[in-house]
Amino acid sequence: MSATKTAQARKPQPLNGVDTPALFATVDAVAAQPELGKFRFRATNRWQQGTHSRTRIESFYGANSEHQHVQSFTYDADHPAVLVGRDQGPTPTEFLLVALAGCLTAGIGNIAAARGVTLYEVESTVEGDIDLSGILGLSDQVRNGYERIRIAFKIKGDAPEEKLRQIVEQSRRRSAVYDVLTNGTAVDVSVTAD
């Protein structure tokens with residue numbers, strides 16, 4: 001019996017703020033119609049000044065149609081003064097850490113709910129090591145991005161330690177952001193210049 005069918009047999013209830021019945025219904029819908037799982041997320045960015053830019057997120061495509069977020073989200077990115085910015089927001093590389101922590105934590109919440117585990121606390125600390133010699137063009141031997149990223153979780157719930165560890169591991173295996181960071185993704189860059 002599949003995990004979804006097993007969970008449905010026990011009549012899942014919302015748990016940890018996750019609408020578990022809707023989660024299982026989504027899994028079943030995408031299993032039945034794989035095209036429903038094709039999504040395209042987008043962001044629009046505009047330079048402000050110096051190293052400061054502002055990104056807006058409003059809509060996305062998925063489940064065969066366009067969707068508007070309930071509200072628009074706006075994020076400022078900049079560099080700190082030590083990196084010739086004005087510190088009007090986190091650096092873009094810090095947003096990458098936010099994305100990783102957010103994706104893994106969302107997965108933990110969903111997976112715990114699907115497995116009937118009540119969570120009491122999930123906290124993580126993410127760190128990334130970067131050598132600016134690459135970005136600054138001082139060395140072709142140093143990559144431009146993070147050399148290593150570490151994330152440490154503190155998790156408490158009504159399950160044994162081993163089950164909580166398995167939930168974190170399952171989240172890591174299914175995380176879109178972890179996948180992008182560890183397997184790479186093609187990035188197409190186009191330019192319109194006036």
Side-chain angles (χ1 to χ4, degrees), residues 22-23 26-27 29-31 33-110 123-153 171-194:
L23 173 63
T26 299
V27 171
V30 174
Q33 297 178 54
E35 68 277 4
L36 293 176
K38 305 287 186 184
F39 277 66
R40 177 172 289 163
F41 294 100
R42 61 182 73 94
T44 303
N45 179 277
R46 183 177 290 274
W47 173 71
Q48 301 298 300
Q49 68 174 358
T51 58
H52 180 203
S53 66
R54 182 166 293 140
T55 301
R56 191 167 182 84
I57 298 174
E58 299 176 298
S59 63
F60 61 94
Y61 176 86
N64 290 334
S65 64
E66 281 293 322
H67 300 271
Q68 289 291 128
H69 283 284
V70 173
Q71 66 182 39
S72 296
F73 300 99
T74 304
Y75 303 96
D76 283 46
D78 199 356
H79 292 175
V82 69
L83 295 175
V84 299
R86 298 177 68 195
D87 219 1
Q88 301 295 302
T91 66
T93 54
E94 288 170 310
F95 274 112
L96 195 60
L97 301 179
V98 170
L100 179 61
C103 190
L104 289 170
T105 302
I108 290 167
N110 280 339
E123 185 176 304
S124 64
T125 301
V126 192
E127 296 178 323
D129 301 326
I130 190 168
D131 181 342
L132 297 184
S133 299
I135 294 171
L136 297 174
L138 300 174
S139 174
D140 290 336
Q141 306 304 309
V142 175
R143 66 178 296 172
N144 295 330
Y146 284 122
E147 297 169 347
R148 178 161 297 280
I149 295 174
R150 292 170 302 285
I151 185 163
F153 280 95
S171 179
R172 182 199 62 80
R173 284 197 315 266
R174 293 290 171 234
S175 167
V177 176
Y178 183 89
D179 176 74
V180 167
L181 288 172
T182 59
N183 293 313
T185 296
V187 177
D188 301 320
V189 177
S190 63
V191 177
T192 302
D194 294 327

Tell me which donor-acceptor pairs under 3.5 Å the side chains of residues 181-194 have, and how far apart each pair is, sequence neighbours excluded?
{"residue": "T182", "atom": "OG1", "partner": "Y178", "partner atom": "O", "Å": "2.8"}
{"residue": "N183", "atom": "ND2", "partner": "D179", "partner atom": "OD1", "Å": "2.6"}

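- Checked by atom type, the side-chain pair S59/R42 shows a donor-acceptor distance below 3.5 Å.
- Pairing each heavy atom of T93 with each of Y146, the nearest pair is O-OH, 2.8 Å.
- Annotation for Q141: atom CD does not count as buried by contact number, only 12 or fewer foreign heavy atoms lying within 6.0 Å.
- Atom CZ of residue R46 and atom OG1 of residue T55 lie 11.5 Å apart, to the nearest 0.5 angstrom.
- Taking every heavy atom of both residues into account, A43 and I57 meet most closely at CB-CG1, 3.9 Å.
- R54 contributes atom CZ, which lies 8.5 Å from atom CD of Q88 (distance to the nearest 0.5 angstrom).
- The side chain to side chain donor-acceptor pair (under 3.5 Å) test applied to S133 returns D131, not counting sequence neighbours.
- Summarising the geometry, atom OG belonging to S139 is positioned 12.0 Å from atom CG belonging to L132; distances are rounded to the nearest 0.5 Å.
- Between S171 and I108, the shortest heavy-atom distance links the atoms OG-N, 3.5 Å.
- In this structure, the side-chain contact (heavy atoms from CB on, under 4.5 Å) partners of D129, at least two apart in sequence or on a different chain, are R148, R150.
- Counting only distance, with no hydrogens or angles, the side chain of T26 and the backbone of A22 share a donor-acceptor pair below 3.5 Å.
- Between D76 and H52, the shortest heavy-atom distance links the atoms OD2-NE2, 2.6 Å.
- Taken from CD in E94 to NE2 in H79, the straight-line distance is 9.5 Å, to the nearest 0.5 Å.
- Contact annotation: the side chain of L104 never approaches that of V177 to less than 4.5 Å [non-hydrogen atoms, C-beta and beyond].
- In terms of heavy atoms, N144 sits closest to I130 at O-CD1, 3.4 Å.
- Using a 4.5 Å heavy-atom threshold, the side chains of T51 and L83 count as separate.
- Counting heavy atoms of neighbouring residues, nucleotides and ligands inside a 6.0 Å radius, atom CZ of R174 does not exceed 12 of them.
- With sequence neighbours excluded, the residues satisfying side-chain contact (heavy atoms from CB on, under 4.5 Å) with F95 are Y75, A77, P90.
- A donor-acceptor pair is defined here as one N or O able to donate and one able to accept, closer than 3.5 Å; no such pair exists between the side chain of Q71 and the backbone of H69.
- Every ring-ring contact (aromatic ring centres under 6.0 Å, His included) that H67 has, sequence neighbours left out, goes to F60.
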N/O donor to acceptor pairs below 3.5 angstrom from side-chain atoms of residues 96-103, sequence neighbours left out:
none

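- Residue V142 comes nearest to E147 through the heavy atom pair CG1-OE2, 4.1 Å, listed as atom of the first residue, atom of the second, then distance.
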